[in-house]
Peer 1: 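Submitted below is the structure of interest, expressed as structure tokens.
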Amino acid sequence: ICFMEMGVSFKLSYYNEYKSYLRMAAKRVTCNGLQEYLAAVKEYASHSPFLFALFTGSPNANGESWCPDCVKADPIIEKAVETVAPPNSCLITVLVGDRPTWKSPSCDFRTHPDLQLKSIPTLIKLGTVQRLDASQCSDAGLVEMLFEED
């Protein structure tokens, strides 16, 4: 079976590869702390029609987040970013700090009026009320729904 796209003939076996090639991958940005996050949102809001933020525990000496829920959710979120996130979207990964910093009631991410995080990981589709908290971030179906275009 052959398909035509922009005047080019493709065999079925190559069609999906071609479509993946045309799809622009989501941009990924990593921030350390609230001020870097706020600066990234300001910078990328004008460049990306879909902006997402993932709040996660900072890496430990082994390079893995100290937060077990974050470790569990990471591959699920990564897969959704690669396969479902809209073209030209941007995922801002925000490192909230070590465990004592995050657990502090005065943690910037807990007290900031636009965030008021209660748990990590937290995945937010910015500019909407859509948000996944903690164990919801390990549910592939919910994560994929969050990344889909409206």
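Keep in mind the model is a prediction, meaning the values are calculated, not measured.
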Peer 1: How many angstroms lie between CG in L142 and CD in Q130, if you round to the nearest 0.5 Å?
Peer 2: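 If we round to the nearest 0.5 Å, L142:CG and Q130:CD are 11.0 Å apart.
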Peer 1: If only atom types and distance count, is the side chain of K79 paired as donor or acceptor with the main-chain N or O of E144 below 3.5 Å?
Peer 2: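 Not confirmed, K79 side chain does not pair with E144 backbone.
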Peer 1: Is it possible for you to say whether L117 and L132 belong to one hydrophobic cluster, with membership spreading through side-chain heavy-atom contacts below 4.5 Å?
Peer 2: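 In one cluster: no.
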Peer 1: Return all side-chain donor-acceptor pairs below 3.5 angstrom for residues 52-61, not counting sequence neighbours, or 'none' if the list is empty.
Peer 2:
| unit_1 | atom_1 | unit_2 | atom_2 | d |
| --- | --- | --- | --- | --- |
| S58 | OG | G97 | N | 2.9 |
| S58 | OG | G97 | O | 3.4 |
| N60 | OD1 | N62 | N | 2.8 |
| N60 | OD1 | G63 | N | 3.3 |
| N60 | OD1 | E64 | N | 3.2 |
| N60 | ND2 | E64 | O | 3.2 |

Peer 1: Identify which one of Q35, E36, K42 satisfies the side-chain contact (heavy atoms from CB on, under 4.5 Å) criterion when paired with L38.
Peer 2: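 The side-chain contact (heavy atoms from CB on, under 4.5 Å) with L38 is passed solely by Q35 among Q35, E36, K42.
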Peer 1: Nearest 0.5 Å, what's the CZ-OG distance between R110 and S119?
Peer 2: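 These two atoms lie 8.5 Å from each other.
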Peer 1: With a 4.5 Å cut-off on side-chain heavy-atom distances among I, L, V, M, F, W and Y, is there a chain of contacts connecting M145 to L51?
Peer 2: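 No, M145 and L51 fall in different hydrophobic clusters.
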Peer 1: Looking at CD1 of I76 and CG of D74, how far apart are the two atoms once the value is rounded to the nearest 0.5 Å?
Peer 2: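 So the gap between those two atoms works out to 9.5 Å.
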Peer 1: Please list all pairs meeting side-chain hydrogen bond (donor to acceptor under 3.5 Å, both in side chains) that have one or both residues in residues 93-108, counting only residues at least two apart or in different chains.
Peer 2: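 Only D98-T101, S104-S106 qualify under side-chain hydrogen bond (donor to acceptor under 3.5 Å, both in side chains).
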Peer 1: Going by heavy atoms in the side chains, are H112 and L34 under 4.5 Å from each other?
Peer 2: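 Side-chain contact under 4.5 Å: yes.
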Peer 1: Flag the pair F109 / I120 as yes when at least one side-chain heavy-atom distance between them is below 4.5 Å, and no otherwise.
Peer 2: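 No. Closest side-chain heavy atoms not under 4.5 Å.
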Peer 1: I want to check something: taking the side chain as every heavy atom from C-beta on, are E43 and V29 in contact at a cut-off of under 4.5 Å?
Peer 2: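 Side chain of E43 against side chain of V29, heavy atoms only: no contact under 4.5 Å found.
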Peer 1: Heavy atoms only: give me the nearest G33-V94 pair and the separation to one decimal.
Peer 2: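 Heavy atoms only, the tightest pair is O-CG1, 4.2 Å.
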Peer 1: Enter the distance from I77:CD1 to K72:NZ here, rounded to the nearest 0.5 Å.
Peer 2: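 That separation rounds to 12.0 Å.
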Peer 1: Between F147 and T83, is any pair of side-chain heavy atoms under 4.5 Å apart?
Peer 2: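 Side chain of F147 against side chain of T83, heavy atoms only: no contact under 4.5 Å found.
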Peer 1: Hey, what do you get for CG (L91) to OG (S48), rounding to the nearest 0.5 Å?
Peer 2: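 Rounded to the nearest 0.5 Å, the CG-OG separation comes out at 10.5 Å.
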Peer 1: Would you call P49 and N88 a side-chain contact if the rule is heavy atoms closer than 4.5 Å?
Peer 2: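 They are in side-chain contact.
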